[in-house]
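In what follows, a single structure is set out as structure tokens and then discussed.
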Amino acid sequence: QVQLVQSGGGSVKPGGSLTLSCEASDLTLWNRCVGWFRQVPGKEREPVTAVETGRIVAFYDNSVKGRFIVSTNDTTSYLQMNSLKLEDTAMYYCAADPSPWRDCPPIPSISRLSVWGQGAQVTVSS
């Protein structure tokens, strides 16, 4: 059964770091678009970053550039989050394109990346 299992969420003070993991079952990640999204209550899920075939980073939202680092190996994607801010508080989701060998869209989309992890809460508070 194809699924993505996330781990690594938690609470951290501003300026701290967390790393989220997204492990795939029955799916390889290095040869497809993998995205990370986040969502706060009452708002739409928004793309944070994406990496495509060959582990090439395709997208970083301006709000996380220089602070977040995405990486992917054969079966696991990681989101390293540094210099965390209060506004980074959200539920974070990983998602993968069910079809391999396709580039990521210019902006990662929920409809295109249709295999989803269960989410991991990240809370930044002082």
Side-chain angles (χ1 to χ4, degrees):
Q1 180 181 356
V2 173
Q3 62 177 351
L4 300 177
V5 178
Q6 294 183 232
S7 59
S11 296
V12 65
K13 294 184 183 298
S17 297
L18 279 175
T19 297
L20 305 181
S21 299
C22 173
E23 185 173 5
S25 297
D26 291 334
L27 194 72
T28 54
L29 297 184
W30 71 270
N31 62 342
R32 69 188 70 238
C33 180
V34 178
W36 288 86
F37 296 75
R38 63 186 179 186
Q39 187 172 25
V40 298
K43 292 192 175 182
E44 292 186 355
R45 199 168 295 187
E46 61 179 20
V48 175
T49 183
V51 57
E52 58 191 8
T53 298
R55 307 183 180 97
I56 299 170
V57 177
F59 173 84
Y60 277 117
D61 185 76
N62 286 334
S63 65
V64 306
K65 280 182 181 177
R67 300 189 298 121
F68 288 15
I69 302 171
V70 63
S71 62
T72 300
N73 61 27
D74 287 356
T75 58
T76 305
S77 183
Y78 301 94
L79 182 63
Q80 180 181 339
M81 303 180 293
N82 303 313
S83 302
L84 282 161
K85 304 177 180 180
L86 297 174
E87 54 264 39
D88 293 320
T89 295
M91 184 72 79
Y92 284 74
Y93 298 89
C94 63
D97 190 334
S99 298
W101 309 112
R102 293 198 296 185
D103 288 341
C104 291
I107 298 177
S109 68
I110 294 173
S111 58
R112 171 79 169 270
L113 307 184
S114 58
V115 180
W116 287 85
Q118 82 278 17
Q121 178 65 39
V122 172
T123 301
V124 184
S125 67
S126 55

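Along the sequence shown, residues carry numbers from 1. Atom set for the values below is all heavy atoms of this structure, side chains included, hydrogens, waters and symmetry mates excluded. The structure presented is a predicted model; accordingly, all values stated were derived computationally and were not measured.
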query = Roughly how far apart are Cys94 SG and Leu4 CG, rounded to 0.5 Å?
reply = 4.5 Å
key: Hphob cluster co-occupancy, Ile56 + Val34, side-chain heavy atoms under 4.5 angstrom   = no
Gap between atom CD of Gln80 and atom CG of Leu18 - 0.5 Å precision = 10.5 Å
query = Which pairs count as salt bridge (Lys or Arg N to Asp or Glu O under 4.0 Å) when at least one residue sits in residues 98-110, sequence neighbours excluded?
reply = Asp97-Arg102
request  = Look up atom CG in Leu79 and atom OG1 in Thr19, then write down how far apart they are to the nearest 0.5 Å.
outcome  = 8.0 Å
Step-by-step side chain to side chain contact (heavy atoms under 4.5 Å, CB included) determination, Ser17 to Val12 = CA-CA 7 Å; Ser17 297; Val12 65; over 6 Å; no
ask   = Quick check: are there more than 12 heavy atoms from other residues, nucleotides or ligands sitting under 6.0 Å from CD of Glu87?
value = yes
query = Is Ser83 reaching over with its side chain to a backbone N or O of Gly16, donor-acceptor style, under 3.5 angstrom?
reply = no
inquiry  = Testing the basics here: between Ser21 and Thr76, what is the closest heavy-atom pair and its distance to 0.1 Å?
reply    = CB-CG2, 4.4 Å
key: Minimum heavy-atom distance Ser77-Val70, with the two atoms named   = OG-CG2, 4.1 Å
note = Tightest non-hydrogen contact, residues Pro105 and Ser109, listed as CG-N, 4.1 Å
inquiry  = Grouping I, L, V, M, F, W and Y whenever their side-chain heavy atoms are under 4.5 Å apart, do Val57 and Leu20 come out in a common cluster?
reply    = yes
task = Kindly give the cluster partners of Trp116, where membership spreads through any ILVMFWY side chain lying under 4.5 Å from a current member.
result = Phe37, Met91, Tyr93, Ile110, Leu113
ask   = Mind checking what makes side-chain hydrogen bond (donor to acceptor under 3.5 Å, both in side chains) contact with Asn62, not counting sequence neighbours?
value = Lys65
Which donor-acceptor pairs under 3.5 Å do side chains of residues 119-126 form with protein atoms, sequence neighbours excluded?
unit_1, atom_1, unit_2, atom_2, d
Gln121, NE2, Ala90, O, 3.4
Gln121, NE2, Thr123, OG1, 3.4

inquiry  = Between Leu27 and Trp101, is there shared hydrophobic-cluster membership here, with clusters defined by ILVMFWY side-chain heavy atoms closer than 4.5 Å?
reply    = no
note = Residue set satisfying side-chain hydrogen bond (donor to acceptor under 3.5 Å, both in side chains) with Arg38, at least two apart, ordered chain then number -> Glu46, Ser63, Asp88, Tyr92
request  = Identify, with sequence neighbours excluded, every residue that meets side-chain contact (heavy atoms from CB on, under 4.5 Å) alongside Thr28.
outcome  = Trp30, Asn31, Arg32
key: Closest non-hydrogen atom pair, Lys43 against Gln39   = O-NE2, 3.0 Å
task = Supply the atom-to-atom distance Gln3 CD to Asp26 CG, rounded to the nearest 0.5 angstrom.
result = 8.0 Å
key: Distance (rounded to the nearest 0.5 Å) between Arg67 CZ and Asp61 CG   = 9.5 Å
Any donor-acceptor pair under 3.5 Å from Arg55 side chain to Thr72 backbone = yes
task = Report, as yes or no, whether the 6.0 Å neighbourhood of atom CG on Leu86 holds more than 12 heavy atoms from other residues, nucleotides or ligands.
result = yes
query = Run the side chain to side chain contact (heavy atoms under 4.5 Å, CB included) check on Asn73 and Tyr78 step by step: do they pass?
reply = CA-CA 9 Å; Asn73 61 27; Tyr78 301 94; 3.9 Å; yes
ask   = Which is it for Val51 and Tyr60 under the side chain to side chain contact (heavy atoms under 4.5 Å, CB included) test, yes or no, and what are the steps along the way?
value = CA-CA 9 Å; Val51 57; Tyr60 277 117; over 6 Å; no
key: Phe59 side chain near Cys104 side chain, heavy-atom distance below 4.5 Å   = no
